[in-house]
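Worksheet: the structure to be examined is printed underneath.
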Number of protein chains: 2
Amino acid sequence: MGCDHEELHRAAAQRAKEQMPSEEQIAGMGAVFKALSEPCRLRILLALRQGEMCVYHIVEAVGGTQSGISHQLRILREGRIIKARRDGQNIVYSLADEHVAALLELACTHSHCQV
Amino acid sequence: MGCDHEELHRAAAQRAKEQMPSEEQIAGMGAVFKALSEPCRLRILLALRQGEMCVYHIVEAVGGTQSGISHQLRILREGRIIKARRDGQNIVYSLADEHVAALLELACTHSHCQV
DNA sequence: TCAATATATGAATAAGTGTTCATATATTAG
DNA sequence: CTAATATATGAACACTTATTCATATATTGA
């Protein structure tokens with residue numbers, strides 16, 4: 001079994017095993033990517049690159065129903081992808097940190113989008 | 001409706017609408033993130049950062065069944081996240097390009113993993 | 001050609017997820 | 001306190017997706 005004539009692959013597999021992140025770390029990374037994987041959520045995040053916004057304006061910017069957007073916002077909030085603060089009657093959302101912005105930036109350049 | 005006392009948000013929403021990527025671009029970005037979102041696939045990609053590997057060694061590095069890994073490899077291949085080449089009896093896989101490596105790098109630093 | 005090995009694939013099932021509808025909570029204005 | 005507005009939540013359904021099992025394809029060596 002295996003391609004034993006390729007000692008290089010065996011060594012790579014060995015290194016990979018040794019420094020494979022923990023179960024929790026893998027799950028954490030996966031959660032971030034999953035949050036970014038649905039079109040609706042991605043739209044919300046791309047919109048928030050323009051600055052913080054309340055729910056009403058997010059709905060205006062990305063379309064869809066208030067309820068649907070709110071559900072997605074919850075997922076993004078729980079995944080620490082965005083953060084929320086209350087301002088009177090409104091909840092104002094914004095990107096959580098620079099890592100998120102960087103991921104979006106990378107995805108955009110990879111897809112040849114404008115900034 | 002809306003927080004009309006916040007002209008800033010309205011302006012951000014307007015900018016967001018104007019430069020929202022196209023349907024296809026959104027779908028494309030989402031597909032990449034989705035490919036990276038499942039623990040098993042993420043493990044495969046993290047392993048491939050150590051260098052190209054054939055299926056046998058990928059299974060050895062990340063665990064799971066040959067069939068399961070093969071299914072995930074197909075998804076990654078079709079999403080252009082990895083590339084494959086045949087070498088005799090073996091198929092050798094590697095990360096598709098630098099963008100993928102960069103995304104993994106970002107996720108790792110964000111999760112405080114070693115390189 | 002045949003046997004052995006490496007990898008891929010199809011079908012089936014089980015679990016996860018997005019969306020919608022109705023309703024609940026919280027804040028402000030009167 | 002009441003009405004109005006902004007946002008969140010729960011349940012239900014349709015849809016997608018991962019995993020497993022069995023089997024198929026492709027390559028090598030004899």
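Throughout, a chain's letter reflects where its sequence line sits, starting with A, and its residues are numbered from 1.
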>> Which residues in residues 64-76 of chain A have a heavy atom closer than 4.0 Å to any atom of DNA chain C?
In response: A/Thr65, A/Ser67, A/Gly68, A/His71, A/Gln72, A/Ile75

>> Is the shortest side-chain heavy-atom distance between A/Ile44 and A/Gln72 below 4.5 Å?
In response: yes

> Do the rings of A/His99 and B/His110 sit parallel, tilted or perpendicular, given the 30° and 60° boundaries?
Replying inline: perpendicular

>> Checking A/Leu48 against A/Ile58 for the side chain to side chain contact (heavy atoms under 4.5 Å, CB included) test, could you report, in this order, the C-alpha distance in whole Å, the side-chain angles of both residues, the deciding distance, and whether it holds?
In response: CA-CA 8 Å; A/Leu48 288 178; A/Ile58 294 174; 4.3 Å; yes

> Quick check: does any side chain N or O of A/Ser70 sit under 3.5 Å from a backbone N or O of A/Ser67, one acting as donor and the other as acceptor?
Replying inline: no

> How long is the line joining CE of B/Met53 and C1' of C/dA6, in whole Å?
Replying inline: 17 Å

> Quick one: bend of the helix from C/dT1-D/dA30 to C/dG30-D/dC1 from 5 pairs per end, to 10°?
Replying inline: 30°

>> Using a 3.5 Å distance criterion without hydrogens, assess whether the side chain of A/Arg41 forms a donor-acceptor pair with backbone atoms of A/Ala35.
In response: yes

>> Applying salt bridge (charged side-chain N to carboxylate O under 4.0 Å, His left out) as the test, list every pair that has at least one member in residues 23-32 of chain B; sequence neighbours left out.
In response: A/Arg43-B/Glu23

> Who pairs with B/Arg74 by salt bridge (Lys or Arg N to Asp or Glu O under 4.0 Å), at least two apart in sequence or on another chain?
Replying inline: B/Glu78

> Do the side-chain N or O atoms of A/Tyr56 get closer than 4.0 angstrom to the phosphate oxygens (OP1, OP2) of D/dA8?
Replying inline: no

>> Looking at A/Arg85 and A/Glu52, is there a salt bridge between them, counting it only when a charged N and a carboxylate O are closer than 4.0 Å?
In response: yes

>> Nearest to the A/Lys34 side chain among C/dT17, C/dT7, D/dT9, which nucleotide is it?
In response: C/dT17

> Does anything in residues 36-46 of chain A reach DNA chain C, meaning a heavy atom under 4.0 Å, and if so which residues?
Replying inline: A/Glu38, A/Arg41

>> Using only atom types and a distance under 3.5 Å, with no angle test, would you say the side chain of A/Arg80 pairs donor to acceptor with the backbone of A/Asp97?
In response: no

> Is the backbone N or O of B/Ile91 less than 3.5 Å from a side-chain atom of B/Arg86, with the two atoms forming a donor-acceptor pair by type?
Replying inline: no

>> Are B/Val55 and B/Ile75 linked, directly or through intermediate hydrophobic residues, by side-chain heavy-atom contacts shorter than 4.5 Å (ILVMFWY only)?
In response: no

> Is A/Asn90 near enough to D/dT7 that one of its side-chain N or O atoms lies under 4.0 angstrom from OP1 or OP2?
Replying inline: yes

>> Is the phosphate of D/dA6 approached by A/Tyr93 (side-chain N or O, under 4.0 Å from OP1 or OP2)?
In response: no

> Does A/Glu105 pair with A/Arg49 as a salt bridge, N-O distance under 4.0 Å?
Replying inline: yes

>> Whole angstroms only, please: what is the CZ-C1' distance between A/Arg85 and D/dA6?
In response: 15 Å

> Judged by atom type as modelled, is there a donor-acceptor pair below 3.5 Å linking the side chain of B/Gln50 to the main-chain atoms of B/Ala47?
Replying inline: no

> What does nucleotides 25-30 of chain D look like as a protein-contact string, B for base, S for sugar-phosphate only, - for none, at under 4.0 angstrom between heavy atoms?
Replying inline: -SBS--

